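Computed from a predicted structure; not experimentally measured. Basis for what follows: all heavy atoms, side chains included, without hydrogens, waters or symmetry-related copies.
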Amino acid sequence: SRTYTGLISAFAKAGKFDRAYGLLKEMRTQGAAPDTVTYNVLIDSLGPAGRTSEAEALVEEMLRQGLQPSMSTYSILMKHFGREKQWDKAEEAFQNMQRAGIRPDVVVYGTLIDAFGRAGEWGRAEHVFEDMLSSGVDGNAAVFNGLIMAYGKSRQADKAKAILQRMNRAGIAPTVVTYNSILDAFAREKRVEDMEAVFRNMLLGEYSPNLITWNTLLKGYGEVQRMKSLDETLRKMALSGVEPD
RNA sequence: GCGACCUUUA
């Protein structure tokens, strides 16, 4: 059954859905029942293909087969809805999960915060964050980063940057993603001086810029046509020898 | 064996 799941995952991620589905049928005839993970990997692969409704149908099928969607199933679905900016659907899945008796963990909360943030619903993102804390679930860097993105997307770079203080108080170390998200927030507002200040702090903090860091800086300089800075950044990027993570 | 965050739904 795990062998089939692995194969299905490989085909589905390669966009060969017909083959993946074929294997799903084959499993049954072989008496190797698809389990929750089998469905999860399939559902996950359908998102990037823009086949979210098919993913929903698979969840229905799981239920019909008597399989309980797991917390991963819900977070995968919520992630896809979030990427489609369907925050209401993400929230609905979140509620369905709780109705099924599953208590959300930090990943699920993070996914919901992200879904709200992508849709520009920063107030809802904040609310969920507070709910998470009241439920006794501690935030981690990914969750704080999601909040930062929510502010950045809604043009509130100062609030995005202020999250650093909140993380510090919570004893959560920023990550490269944290810095990249704040850089992006300033880039969006064309505030390149602020962006540079954040970048300097990042380096002082011994963080290594990754490809996304450089691309974000380039985006910021591009916004204001700072050709000289663009040029310097391209040079530094080449010197740094970055590779995609 | 599967789940959340950054440039980039291009």
### Task
Please list, chain by chain and in numerical order, all residues satisfying side-chain contact (heavy atoms from CB on, under 4.5 Å) with Glu130(A), sequence neighbours excluded.
Leu133(A), Arg166(A)

### Message
Please report the distance, rounded to the nearest Å, between CG in Asn140(A) and P in C6(B).
### Response
14 Å

### Query
Looking for any heavy atom pair under 4.0 Å, which part of the strands does Met71(A) touch: base, sugar-phosphate only, or nothing?
base

### Query
What about Phe129(A) and Trp122(A), are their ring centers closer than 6.0 Å?
no

### Message
Work out how far the C1' atom of U7(B) is from that of G3(B), and round it to whole angstrom.
### Response
23 Å

### Task
Ignoring backbone atoms, establish whether Lys219(A) has a side-chain N or O less than 4.0 Å from OP1 or OP2 of U8(B).
yes

### Query
Among Tyr74(A), Tyr109(A), Phe81(A), whose ring pair (Phe, Tyr, Trp, His ring centres under 6.0 Å) with Phe94(A) holds?
Tyr109(A)

### Message
Between C1' on U7(B) and CE on Met195(A), what's the gap in Å once rounded to a whole number?
### Response
12 Å

### Summary
To the nearest angstrom, the CD1-C1' distance between Ile212(A) and C6(B) comes to 5 Å

### Message
Taking C5(B) as the reference, what is the distance to U9(B) when you measure between their P atoms (whole Å, please)?
### Response
11 Å

### Minimum side-chain heavy-atom gap Pro104(A)-Val137(A) below 4.5 Å
no

### Query
If you look at every strand shown and take non-hydrogen atoms under 4.0 Å, does Thr5(A) touch a base, only sugar-phosphate, or nothing?
base

### Task
On RNA chain B, check which nucleotide each of His80(A) and Asp105(A) is closest to and give me the residue with the more 5' one.
Asp105(A)

### Query
Do the side-chain N or O atoms of Arg83(A) get closer than 4.0 angstrom to the phosphate oxygens (OP1, OP2) of A4(B)?
no

### Task
Report which part of the nucleic acid Val176(A) touches: base, sugar-phosphate, or nothing (heavy-atom distance under 4.0 Å, all strands).
nothing

### Message
Base, sugar-phosphate or nothing for Thr216(A)? Non-hydrogen atoms, less than 4.0 Å.
### Response
sugar-phosphate

### Query
What is the distance, rounded to the nearest whole Å, between atom CG of Leu183(A) and atom P of U8(B)?
13 Å

### Task
With P as the reference atom in both, quote the distance from C6(B) to A10(B) in angstrom, rounded to an integer.
14 Å

### Of the listed nucleotides U7(B), C6(B), G3(B), the one nearest the side chain of Asn215(A)
U7(B)

### Query
OH of Tyr179(A) versus C1' of C6(B): gap in Å, rounded?
14 Å

### Query
Between Lys159(A) and Glu189(A), does at least one N-O distance fall below 4.0 Å, as a salt bridge requires?
no

### Task
For C6(B), take OP1 and OP2 only and decide whether either is under 4.0 Å from a side-chain N or O of Arg118(A).
yes

### Task
Choose from A4(B), C6(B), U9(B) the nucleotide whose nearest atom is closest to any side-chain atom of Glu84(A).
U9(B)

### Query
For Tyr221(A) and U7(B), what is the distance between atoms OH and C1' respectively, to the nearest whole Å?
15 Å

#### Entry: SB check Arg188(A) Glu223(A) (cutoff 4.0 Å)
no

### Task
Measure from CE on Met78(A) to C1' on A4(B) and round the result to the nearest Å.
9 Å

### Task
Please report, rounded to the nearest Å, how far the P atom of C2(B) is from the NZ atom of Lys13(A).
9 Å

## Note on the structure
Testing C6(B), G1(B), A4(B) for proximity to the side chain of Thr38(A), the answer is G1(B)

### Message
Nearest to the Val107(A) side chain among G1(B), C5(B), G3(B), which nucleotide is it?
### Response
G3(B)

